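Since this is a predicted model, take the numbers as computed values, not measurements. Just so it is clear: chains get the letters A, B, ... in the order the sequence lines come, proteins before strands, and each one is counted from 1. Values below: every heavy atom of this structure, side chains too, minus hydrogens, waters and symmetry copies.
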Protein chains: 2
Amino acid sequence: MTEMQTSPPPVKRRGPPPKLTREAIADAALDLIDRDGIRALTMRRLALELGAGAMTLYGYFSDKDELLDFALDRAARRFDFAIGEGPWRAQLRELVQTMMRALTEHPGAVETRARRPILNPGWLRAGEAGIGILLEAGFDITEAAAAWRLLFTFTFGYAAFSAAEPSPAQQAEWQRQLAALPAEQYPVMAGEATQLVSWMAGRRPFDHGLELILDGLEARLALLR
Amino acid sequence: MTEMQTSPPPVKRRGPPPKLTREAIADAALDLIDRDGIRALTMRRLALELGAGAMTLYGYFSDKDELLDFALDRAARRFDFAIGEGPWRAQLRELVQTMMRALTEHPGAVETRARRPILNPGWLRAGEAGIGILLEAGFDITEAAAAWRLLFTFTFGYAAFSAAEPSPAQQAEWQRQLAALPAEQYPVMAGEATQLVSWMAGRRPFDHGLELILDGLEARLALLR
DNA sequence: ACCTGAACACCGTTCAAGT
DNA sequence: ACCTGAACACCGTTCAAGT
């Protein structure tokens, strides 16, 4: 009962520490963010995990922002965003879902960027593919750019403003919060709390929203032709 | 030439300091965020602006997160999200644009929340109105919830992942960045840099994306009937 | 009851010095 | 050339004490 729990060693590394490069540092940063959230990513702690002094990192990145940018770019580069076969709707769906998968694997990465467009080469490759599909489908450059912006924003926004995998306890808590709202003022939210909460979690609402956007694009394309 | 610039007094207040309340503290926090960005919002500086000791704030909020939550809620409550007249499409457009206006007035507020759904009463009032419009239009609760989620996410995502009002210099810089990409790998991005950048700034791409979503909803509704 | 200075355990980054 | 300890100017928050 009073036995001490043996906590695992704080750093577990097989073999020698990886040679320090911008890439190795960014990967370690993504690891750390994914494990413990963006707030856990401090220069000191990251350096410690890499077996280096905190100041060593400044030999590779001019500051923390540059490191975060590079890490977000790198998260994108792990996916190739190749354009698949078939009609444009299926191609676009596949591409957007690949983007979402990239963000799901690095749920903290999205927190690294706010209040400015995401303009690094890794994510621009997704844009290149997406706008290419839309141009091929028959949209002009203006329509294609706006449509891509919508798809991109929905994907990043969804990753940013939703919980990745809320526990049943968390879902129950949300349901309680909604149900507790005054029913006269919030008839839908309070009355349909159960169904609404089941639609807040997971990937299903994302997929549904994506199909809605694709419906809109098909309708728009029909008008252009 | 060597004349010292007289810097303005750091705190400029007319009349006595406002009585401290949760509301007054949250308003001061929104002010501070809007002026100098989320990073400038520290408990110490906020307290200083309110003419109080840093620890005083902890008499009103249990921690900084709770204060940020309350401030984001309060930003929403400044708008009433009333449902207007006319067909559902116009009602929904108006509602979403009101949400965007609220976020535009407090560009930093959106940074306060990430990795969890936005579930405070202020923003839920917008959801109540939006889902109400969709139900009235003929969608069932599941479709309405997913559609609202899409609209909400697009709006918050757009506020989060775009620059509010990029300067011409900033736009020129982005254009340079895009044009500098290798043309073989990024034919669209590099080739159409000028047009793409003009579509990255301001509210126009948001309005366009909103219409695309509304097109999708109309197409879906036609199938349901 | 309401407020707060001092203190604690942190940050990012500069600087000057180590090898 | 590459790395880093000490130091600076900050953080959020606890605690114990003020009024």
Side-chain angles (χ1 to χ4, degrees), chain A residues 7 10-11 13 16-73 108-109 111-116, chain B residues 7 10-11 13 16-73 108-109 111-116:
Chain A
S7 56
V11 179
R13 194 156 34 220
K19 212 173 153 186
L20 277 193
T21 58
R22 281 168 70 87
E23 288 72 20
I25 294 170
D27 286 350
L30 283 172
D31 261 19
L32 186 48
I33 291 172
D34 294 342
R35 255 182 295 139
D36 294 339
I38 191 77
R39 279 174 170 169
L41 178 65
T42 70
M43 301 300 268
R44 285 166 146 101
R45 182 166 164 196
L46 180 58
L48 191 72
E49 297 221 345
L50 288 164
M55 287 311 107
T56 305
L57 304 180
Y58 289 86
Y60 298 87
F61 298 96
S62 66
D63 57 22
K64 191 179 178 181
D65 267 349
E66 200 197 286
L67 194 163
L68 287 172
D69 250 33
F70 191 82
L72 179 58
D73 182 54
E111 293 178 63
T112 63
R113 270 283 195 160
R115 313 286 322 124
R116 46 189 175 166
Chain B
S7 55
V11 179
R13 191 152 43 217
K19 212 173 156 184
L20 277 192
T21 58
R22 282 168 69 88
E23 288 73 20
I25 294 170
D27 286 350
L30 283 172
D31 260 20
L32 186 48
I33 291 172
D34 294 342
R35 255 182 294 139
D36 294 339
I38 192 77
R39 281 175 168 168
L41 180 65
T42 71
M43 299 301 266
R44 285 166 147 99
R45 181 164 165 198
L46 179 58
L48 191 72
E49 297 222 345
L50 288 163
M55 288 312 107
T56 305
L57 303 181
Y58 288 86
Y60 299 86
F61 298 96
S62 65
D63 56 24
K64 192 180 178 180
D65 266 350
E66 200 196 285
L67 193 163
L68 287 172
D69 250 33
F70 191 82
L72 179 58
D73 181 54
E111 293 177 65
T112 62
R113 270 282 195 162
R115 313 287 321 127
R116 45 186 178 166

ask   = Should L67(A) and M43(A) count as side-chain neighbours, where that means a heavy-atom distance under 4.5 Å?
value = yes
key: Sub-4.5 Å side-chain heavy-atom contact between T56(A) and L50(A)   = no
ask   = Minimum heavy-atom separation for L32(A) to A40(A), with atom names?
value = CD2-O, 3.9 Å
ask   = Just by modelled atom types, is the A54(A) backbone N or O under 3.5 Å from a matching donor or acceptor in the R44(A) side chain?
value = no
inquiry  = Under 4.0 Å, counting only non-hydrogen atoms across every strand here, what does A52(A) touch: a base, just sugar-phosphate, or nothing?
reply    = sugar-phosphate
query = Under 4.0 angstrom, heavy atoms only, what part of the nucleic acid is F61(A) near: base, sugar-phosphate, or nothing?
reply = nothing
note = By nearest-heavy-atom nucleotide on DNA chain C, the more 5' of A40(A) and M55(A) is A40(A)
task = Give one of base, sugar-phosphate or nothing for L41(A), where a contact means two heavy atoms less than 4.0 Å apart.
result = sugar-phosphate
ask   = Reading DNA chain D 5' to 3', what string of ( ), [ ], | and . shows its pairs, if Watson-Crick and G-U wobble pairs count only when both distances fall under 3.5 Å?
value = ||.|||||...|||||.||
task = For D63(B), enumerate each residue passing the side-chain contact (heavy atoms from CB on, under 4.5 Å) test, keeping only those at least two apart in sequence or located in another chain.
result = D65(B), E66(B)
ask   = Heavy atoms under 4.0 Å, any strand shown: does T56(A) hit a base, just sugar-phosphate, or nothing?
value = base
request  = With heavy atoms under 4.0 Å as the rule, sort L57(B) into base, sugar-phosphate or nothing.
outcome  = nothing
request  = Mind listing the closest non-hydrogen atom pair of I25(B) and F61(B) along with its distance?
outcome  = CG2-CE1, 3.7 Å
task = Please list, in 5' to 3' order, the outermost nucleotides of DNA chain D lying under 4.0 Å from any heavy atom of chain B.
result = dC11(D) to dT14(D)
ask   = Is there side-chain contact between L41(B) and D36(B), with at least one heavy-atom pair below 4.5 Å?
value = no
ask   = What pair of heavy atoms forms the shortest contact from Y60(B) to R22(B), and how long is it?
value = O-NH1, 2.7 Å
